[in-house]
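Data first, discussion second: the structure below is written as structure tokens.
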Amino acid sequence: MRREPGRLEGRLIAVGVTGSIAAYKAPELVRLLQAEGADVVALLSPSATRFVAPLTLEALTRHPAESDVLALLPDGRIGHIVVAETADAVVVAPATAHWLGAMASGLAGDVVTATCLATTAPVVAAPAMDGEMYAHPATTANVRRLREDFGYRIVAPETGALASGRSGVGRLAALPTIVDAVVAAVGDGPVRAPDAPARPPEAIMPREADLTGRHLVITAGGTSEAIDPVRSITNRSTGKMGIAVAQAALDRGARVTLVVANVRVPLPEGVRAAVVPAESAGRMRAALLEALTDQPGQAGFDALVMAAAVSDFRPARPAETKLARADSLTLELEPTPDILAEVSRIARGMDADGRETRRPLEPRPVLVGFAAETGSLARAPEKLERKGLDLLVANDVGAADSGFGTDTNRVTVYRADGRPESWPLLTKREVADRLLDLVAGLLDARDAAAHTGLLTQESRT
Ligand code: C5P
């Protein structure tokens, strides 16, 4: 069913939460803004964090919830300044008497005031407090200053039951009224920062230990193929992506075997990671074929994530002694075996010509490949099919923010059982976690299908 475009489609709205009991309504306000199509980011004053957990808002908004005015984002940017520069509006709900006073005086001691000071976006404030506090001349003057001098839209509190048990003016306005005020404040001008990378980054959400009991084999780094005992042909892979996958898998409870070629980053912490060095394509092939079968006919792992950059060619006859300097050198290269395609064939019980000659390995391992391309990803679907993969993660390694040695990656994931998904610019860790979400789902589906098959067999006998 197609959703009607919302009144805040594509906008980034910052929800500032300050320390009133009405802060418990902030997650619901986030939901309503999202229902209007907004991308939402949350800002919390220190006392707001005692009423509503930043994790709640982070989980709902999928952006880091800012609560520390001195904190930096994982990518080194200043979180509340990024919000100030990219938000289409800031809505402070609930706004406490203290916050109104701090804001009226321009005191930027918390992320909510700091963001409002730093932004040129419209600001909406919805006060909520005890009736006497709201009626105090200090509060009245502060509200007037925000409205008249700063041009902020004030959504007046309502009359009703207050936290004190008494009734009076001070209850946070109804959430739909606040949403309407945000829509009116934003108007119909262009979206301020339409590109996701300019906006606050995606939050790394803690995943459950959903890979407990699974054995994942992960390859990382670039292979190097000997020309002679001192020289080799290699590539620019640093191993960052594969190692991020290994660390993420360990964090989710998996047993990990890490097959490493040449890596330029530290290996994951944790003793559970068995590390198998495999410098060349030949060694990597041997390591993976050994790991592939356990008992005859049984798979030795649940999933293989082949993030290594395996050389496609190697010197046909590496010299046994160091080649002497000469006017020129011609190297004859031969193709390396396609390890992933071979693993896939064996797993599916096929011989080298693709004929089914044996029973497939059980349980069928999930196979994930990576395809580094430059410029176009057009060859990716064919690779997925030819190599017999469940998932292929394709990325343009020619792009500045996505490829060898970067901390971020922009990938398109091709799946054997569905449409390709293009993910936004993400940290390699977040790419790893999203990829493992898919792998965990495929493993669960595989096991459920096997279980159903067993039940059907039982009912036949
Ligand atoms: O064909 P291409 O090299 O782009 O395929 C990339 C995928 O295949 C990667 O997952 C890589 O690790 C794997 N590969 C392999 N054996 C090779 C070359 C690549 O397993 N000889």
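Start at 1 and go down the list; that is how both ligands and their atoms are numbered. Note that these values count all heavy atoms, side chains included, but never hydrogens, waters or copies made by symmetry. Just so you know, residue 1 is the first one in the sequence shown, and it goes up from there.
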Does ligand 1 have a heavy atom under 4.0 Å from the side chain of Glu373, from its backbone, from both, or from neither? neither
Heavy-atom proximity to atom 11 (C) of ligand 1 ranks first, among Gly369, Ala308, Ala307, for Ala308
Is there a side-chain contact between Val91 and Leu33 (heavy atoms, below 4.5 Å)? yes
Side chains of Leu438 and Val366: does their closest heavy-atom pair fall under 4.5 Å? no
Per-atom contacts of ligand 1 with Thr336, taking only distances under 4.0 Å to non-hydrogen atoms: 21 (N)
Give the C-alpha distance, both sets of side-chain angles, the deciding distance and a yes or no for side chain to side chain contact (heavy atoms under 4.5 Å, CB included) between Asp390 and Arg415. CA-CA 6 Å; Asp390 297 281; Arg415 335 171 32 133; over 6 Å; no
In Leu292, Val256, Asp294, Thr257, the residue satisfying side-chain contact (heavy atoms from CB on, under 4.5 Å) with Phe301 is Leu292
Looking only at non-hydrogen atoms, the one of Thr223, Leu288, Leu340, Val310 nearest atom 19 (C) of ligand 1 is Val310
Contact summary for Ile339 and Ala281, nearest pair of heavy atoms: CD1-O, 3.6 Å
For atom 16 (N) of ligand 1, find the nearest protein heavy atom and state the residue, atom name and distance (0.1 Å precision). Ile339 N, 3.1 Å
In the protein, what heavy atom is nearest to atom 9 (C) of ligand 1, and what distance, to one decimal place, separates them? Phe370 O, 2.8 Å
In terms of residue, atom name and distance, what is the protein heavy atom nearest to atom 1 (O) of ligand 1? Lys387 NZ, 3.2 Å
for atom 2 (P) of ligand 1, nearest protein heavy atom and its distance come out as Lys383 NZ, 3.4 Å
For Asp338, atoms of ligand 1 separated by under 4.0 Å from a heavy atom: 15 (C), 16 (N), 17 (C), 20 (O), 21 (N)
What part of Pro337, side chain, backbone, both or neither, has a heavy atom within less than 4.0 angstrom of ligand 1? backbone
Does Asp312 approach ligand 1 within less than 4.0 angstrom via side chain, backbone, both or neither, non-hydrogen atoms only? side chain
Using distance alone, with no hydrogens and no angle criterion, decide if Thr223 and Glu225 have a side-chain donor and acceptor under 3.5 Å apart. yes
Do Met241 and Asn395 have side chains that get closer than 4.5 Å, going by heavy atoms? no
Can the positive tip of Arg410 be found less than 6.0 Å from the middle of the six-membered ring of Trp423, inside 45° of the ring normal? no
Output yes when the distance from some N or O of ligand 1 to some N or O of Met306 is under 3.5 Å, and no in every other case. yes
